[in-house]
Number of protein chains: 2
Amino acid sequence: MIDNLRQHIINRVGKKPDNLEHVLDHFEEFSGERGQHLLVQGDVCKHVYYIAAGCIQVYIIDRQGQESTREFYVEDQWVTDIFGFQNQLPANESIKCVEACRLLRIHYDSFQLLSQQAPQFAAIYKEILEVSYNNTVYRVNALTAMNALERIRWLMENKPKIMTRLSSKLIASYLGISPETMTRLKSKL
Amino acid sequence: MIDNLRQHIINRVGKKPDNLEHVLDHFEEFSGERGQHLLVQGDVCKHVYYIAAGCIQVYIIDRQGQESTREFYVEDQWVTDIFGFQNQLPANESIKCVEACRLLRIHYDSFQLLSQQAPQFAAIYKEILEVSYNNTVYRVNALTAMNALERIRWLMENKPKIMTRLSSKLIASYLGISPETMTRLKSKL
DNA sequence: GACAGTCCTTGACAAATGTCAAGACTTTAT
DNA sequence: ATAAAGTCTTGACATTTGTCAAGGACTGTC
């Protein structure tokens with residue numbers, strides 16, 4: 001499992017950093033069962049998770065008690081409540097495993113330490129932050145500019161793996177539509 | 001105008017940095033008329049803008065040729081096409097002044113230089129990036145979990161100044177609803 | 001002051017989407 | 001293997017939202 005993360009870092013940095021093993025020492029293995037929460041809204045997020053295998057959902061509960069999914073994360077991606085983590089403030093979102101997950105996690109204290117000690121670690125974080133921001137910007141534009149059918153097509157083109165991997169109900173909660181509308185529109189594709 | 005930026009930086013860093021004037025030297029004054037574009041979709045963004053006065057809209061054009069607003073930025077905020085800027089890739093969004101604006105802008109080359117030379121400059125950038133990401137995350141959740149009326153209420157509570165400052169048409173394009181729906185729902189508040 | 005252009009509002013209607021309920025089907029746990 | 005729980009689909013209907021058209025209000029320009 002640690003091999004995935006090692007390779008992930010090497011790919012990003014472009015070569016094997018001198019202090020790579022030191023960085024990896026700060027991570028611990030963590031298994032998440034299907035349905036298990038990594039973070040519940042209101043709690044302070046203490047870890048950043050690297051996903052070696054599985055799929056994770058970040059969501060809120062809307063006024064009717066329904067899950068509304070902000071994002072899904074899969075293998076070779078990172079997940080945390082970034083703002084709450086960096087400022088050690090209560091989270092607005094919940095994070096849970098929608099599949100059995102094999103994870104590597106790093107604690108807040110270690111993360112801050114490495115951010116100072118290891119410039120390449122800080123650089124990777126910055127890059128991930130920029131990509132995450134960019135993805136979220138795309139998503140805002142999709143949500144404001146497209147109707148339900150267009151959003152489904154957008155998802156199929158841009159995240160086809162998510163589309164086939166997850167249940168319709170989860171996809172619907174990600175697109176901001178009801179499961180019934182999802183069913184009906186699928187026949188119009 | 002440069003005084004605004006000087007104070008902005010001092011507020012963020014917590015004290016006056018030694019190299020502050022050196023940093024400020026890399027900025028140039030720039031005036032934007034109402035309606036003037038700072039960036040057009042497809043172009044590569046060469047500057048980051050600090051807004052000393054005015055209001056700026058970041059938007060895309062949807063399938064029907066309508067503007068769909070991703071975000072508004074006002075005094076004491078920064079605006080650019082972050083991902084396109086950092087990677088010098090064509091922008092997916094357009095940026096324009098919705099009011100007459102007094103701006104300070106820094107060129108890509110200077111920005112990269114300062115990011116290396118001035119740790120505090122890099123730290124401010126990281127902080128802005130995190131706050132921007134967090135705002136966008138909030139926005140995704142509002143768009144997926146709320147209907148039109150709830151979104152209007154959300155805007156009134158969270159960005160009351162935007163609500164009163166800009167035209168209904170612009171607000172509607174920000175909320176992802178038609179101007180007519182905007183008019184009708186305002187009477188239900 | 002006249003004009004063009006834009007915005008805001010309203011009405012009538014159409015289209016999109018949500019809600020509720022029921023049954024078939026899958027998956028999960030025991 | 002069976003029961004329990006959750007998911008998917010479909011129908012009927014309600015609600016929300018969009019579209020088109022028209023008129024009044026406002027703004028900037030000549």
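Convention: sequence-line order gives letters A, B, ...; per-chain numbering from 1. For the numbers below, each heavy atom of this structure counts, side chains included, while hydrogens, waters and symmetry mates do not.
- Contact annotation: side chain of A/Glu180 to base of C/dC20, donor-acceptor pair present below 3.5 Å.
- B/Lys188 comes within 4.0 angstrom of nothing in the nucleic acid, heavy atoms only.
- For residues 121-149 of chain B, the set of pairs meeting the ring pair (Phe, Tyr, Trp, His ring centres under 6.0 Å) definition, not counting sequence neighbours, comprises B/Phe111-B/Phe121, B/Phe111-B/Tyr125.
- B/Glu67 and B/Lys169 are not joined by a salt bridge, as no carboxylate oxygen comes within less than 4.0 angstrom of a charged side-chain nitrogen.
- What separates CG of A/Leu166 from C1' of D/dT7 is a distance of 14 Å, to the nearest Å.
- Interface remark: the A/Arg184 side chain does form a donor-acceptor pair with the D/dG11 base, using a distance-only criterion of under 3.5 Å.
- The interatomic distance linking B/Arg63 (CZ) with C/dA16 (C1') rounds to 12 Å, in whole Å.
- Using a 4.5 Å cut-off on side-chain heavy atoms (C-beta onward), B/Phe30 and B/Tyr49 make contact.
- Between A/Gln66 atom CD and D/dG6 atom C1' there is a gap of 14 Å when expressed in whole angstrom units.
- For D/dG18, the OP1/OP2 oxygens have a side-chain nitrogen or oxygen of B/Ser178 closer than 4.0 Å.
- Taking 4.0 angstrom as the limit, A/Thr181 places a side-chain polar atom (N or O) nearer than this to OP1 or OP2 of C/dG18.
- Within residues 145-160 of chain A, the residues that have a heavy atom under 4.0 Å from DNA chain C are, in order of number, A/Asn147, A/Ala148.
- Listed nucleotides: D/dC8, D/dA12, C/dC8. Nearest to the side chain of B/Lys169: C/dC8.
- B/Gln64 CD: more than 12 foreign heavy atoms inside a 6.0 Å radius.
- Dashed line: the shortest gap from a side-chain N or O of A/Lys186 to OP1 or OP2 of D/dC8 is not under 4.0 Å.
- Aromatic pair B/Tyr50/B/Phe27: centroids not less than 6.0 angstrom apart.
- Geometrically, B/Arg70 does not engage B/Tyr174 in a cation-pi contact, judged by NZ or CZ lying under 6.0 Å from the ring centre and within 45° of the ring axis.
- If you measure from atom CE of B/Met182 to atom P of D/dT19, you get 17 Å, rounded to the nearest angstrom.
- Between the CG atom of A/Asp62 and the C1' atom of C/dT17 there is a distance of 15 Å, rounded to whole Å.
- Listed nucleotides D/dG18, C/dT17, C/dC8 differ in distance to A/Leu185; the shortest reach to its side chain belongs to C/dT17.
- In this structure, CD1 of B/Ile177 is placed 16 Å from C1' of C/dT17, rounded to the nearest angstrom.
- An end-to-end axis angle of 60° holds for the helix from C/dG1-D/dC30 to C/dT30-D/dA1, taken from five base pairs per end and rounded to 10°.
- Within the 4.0 Å cut-off from OP1 or OP2 of C/dT9, at least one side-chain nitrogen or oxygen of B/Thr183 is found.
- With respect to the salt-bridge test (charged N to carboxylate O, under 4.0 angstrom), the residues A/Lys126 and B/Glu130 do not qualify.
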Checklist line | salt bridge (charged side-chain N to carboxylate O under 4.0 Å, His left out) evaluation trace for A/Glu75 with A/Arg165 | finding: CA-CA 13 Å; A/Glu75 291 80 9; A/Arg165 182 170 180 168; 2.8 Å; yes

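- For the atom pair B/Tyr59 OH and B/Gln66 CD, the distance stands at 12.0 Å (nearest 0.5 Å).
- Contact between the side-chain N/O atoms of A/Gln64 and the OP1/OP2 oxygens of C/dT19 is found at a separation under 4.0 Å.
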